[in-house]
Amino acid sequence: MGLEIITLVLGPLQNNTYLLRDPATERCAVIDPSFDSQEVLAEIDRRSLKLEMILLTHAHFDHIYGVNEITAKISGVSVGLHPADLPLWRQGGGSELFGLKFTPTEQPSIHFYNNQHLTLGGEKLEVKHTPGHSRGHVIFHYAPDKIVFCGDLIFQGNIGRTDLPGGSMQELLHSIRTQVLTLPPETRLYSGHGPSTTVGKESETNSYLA
Ligand SMILES: [Zn+2]
Ligand SMILES: [Zn+2]
C-alpha cells in the first residue's frame with residue numbers, strides 16, 4: 001500500500017500543493033504549501049491525519065507561503081529545505097520582487113542534501129538536488145510508485161524560469177538531464193504548477209530539451 005497523493009491547486013499562481021498520506025500509519029507530509037493553506041489544514045483535519053513534515057522543493061514565496069499558516073495551527077512539524085535556498089527563505093522567497101511582503105516565522109529543521117532518504121510512516125522518499133531554477137531546488141522521488149515531485153524544475157511542455165536570482169539555464173538543463181531524464185519513461189512528474197506529465201512524454205516532446 002503506497003502513498004496516496006492528494007493534489008490541491010491553490011492561490012493566484014495556481015500552485016500545486018501536494019498532500020502525501022501513508023495509509024498504513026495515517027501520517028502525512030505536505031509539499032510546497034502555497035496560499036490558502038487553510039484548505040490543506042481542512043483536508044488534514046477531515047482525514048484525521050498526523051502531519052509530520054513540510055517538504056519544500058525551493059523557497060520561492062508561492063511555494064512556502066502556507067508554512068506560517070500550517071505551523072501556527074499544528075505544532076511539532078518539521079520543515080525541510082535545501083540550505084542553498086536559505087538566503088532566499090530569509091528574504092521571504094523573493095516576494096518583494098512581486099510587490100508582496102512575506103516573512104517566514106519558522107526555521108527549516110531538515111537540511112536537504114542530494115540522495116537523502118526521508119521516511120514517512122513506512123514509506124521512503126529520496127531527495128535529489130536540482131539547481132537551476134533556484135540554487136537549492138530539490139525534487140522528491142518516490143521510487144515504489146515511480147513518482148517525482150519536481151517543483152519548478154520541469155513542467156508539461158515547459159521548463160522552470162531561470163531569470164530570477166540564483167537561476168541558471170545551464171544548471172537547470174543539467175539537473176533535468178541527470179536527475180529526471182535518467183528515470184524510467186513511465187515515471188510520473190508532479191510539477192509545482194499545471195498538470196502532471198511523464199519522463200517519457202517530456203523527453204520526446206518538450207522542445208526545451210531537444
Ligand atoms: Zn519557483
Ligand atoms: Zn512556482
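Order of listing sets the numbers, starting from 1, for every ligand and every atom in it. Sequential numbering from 1 along the given sequence is applied to the chain's residues. This one's a predicted model, so the numbers in the text were calculated from it and none came from an experiment.
Glu43 and Arg47 are joined by a salt bridge, as a carboxylate oxygen and a charged side-chain nitrogen come within less than 4.0 angstrom of each other.
Closest approach of Leu56 and Trp89 over heavy atoms only: CD1-CZ3, 3.5 Å.
Excluding waters, the set of protein N, O or S atoms lying under 2.8 Å from the Zn ion (ligand 1) comprises His58 NE2, His60 ND1, His133 NE2, Asp152 OD2.
Remark: Arg21 CZ is packed, more than 12 non-hydrogen atoms of other residues, nucleotides or ligands lying under 6.0 Å away. Within a 6.0 Å sphere centred on OH of Tyr65, heavy atoms belonging to other residues, nucleotides or ligands number 12 at most.
Applying the ring pair (Phe, Tyr, Trp, His ring centres under 6.0 Å) rule to Phe149 yields the partners Tyr18, Tyr190; only residues at least two apart in sequence or on another chain are considered.
Glu202 and Thr197 share a donor-acceptor pair across their side chains, judged by distance under 3.5 Å alone.
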